[in-house]
Amino acid sequence: VRVLGAYDGRPVSAVPVGDRLVIETTEGLLAAAPPTGASSDGEFQKLGIGPVVSLRAFPRSKRYRNTVIATADRPQQ
């Protein structure tokens, strides 16, 4: 088991995109990449868009295979 990083919230869904895994949590969106070399532990990035309402990917599309669309609520002002 490898620990890539910590995140806030509960996991809601995960979508594979290329060699990455895009993870939706109740608090935001994350991207995890596998190790690239013998000494690498992989990559874990927080994508700062806030809570996500909808996460879509298109794995069977030739054109949009590596595309993820995330819809987020706009904060009340």
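The shown structure was predicted, so the numbers you read here are calculated from the model rather than taken from an experiment.
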Give a yes or no on whether the backbone of R10 and the side-chain of T26 come within a donor-acceptor separation of less than 3.5 Å. yes

Looking only at heavy atoms, which two atoms of V52 and E24 are closest? And how far apart? O-OE2, 3.4 Å

If I compare all heavy atoms of L21 with all of A14, which pair ends up nearest, and what's the gap? CD1-CB, 4.0 Å

Out of curiosity, does F58 fall in the hydrophobic cluster containing L55 (side-chain heavy atoms, cut-off under 4.5 Å, transitive links)? no

Heavy-atom closest pair, residues A72 and P51: CB-O, 3.4 Å

If you look at every heavy atom in R20 and A31, which pair is closest and at what distance? NH1-CB, 4.5 Å

Show the nearest heavy-atom pair for residues A57 and V15, with the distance to one decimal. CB-CG1, 3.0 Å

Atom pair CZ/OG1 of R56 and T71 - distance to nearest 0.5 Å: 9.5 Å

Is it possible for you to say whether V17 and L47 belong to one hydrophobic cluster, with membership spreading through side-chain heavy-atom contacts below 4.5 Å? yes

Less than 4.5 Å apart, side chain to side chain, heavy atoms only: is that true for L29 and V22? yes

Shortest non-hydrogen contact from I23 toward A32: CD1-CB, 4.5 Å

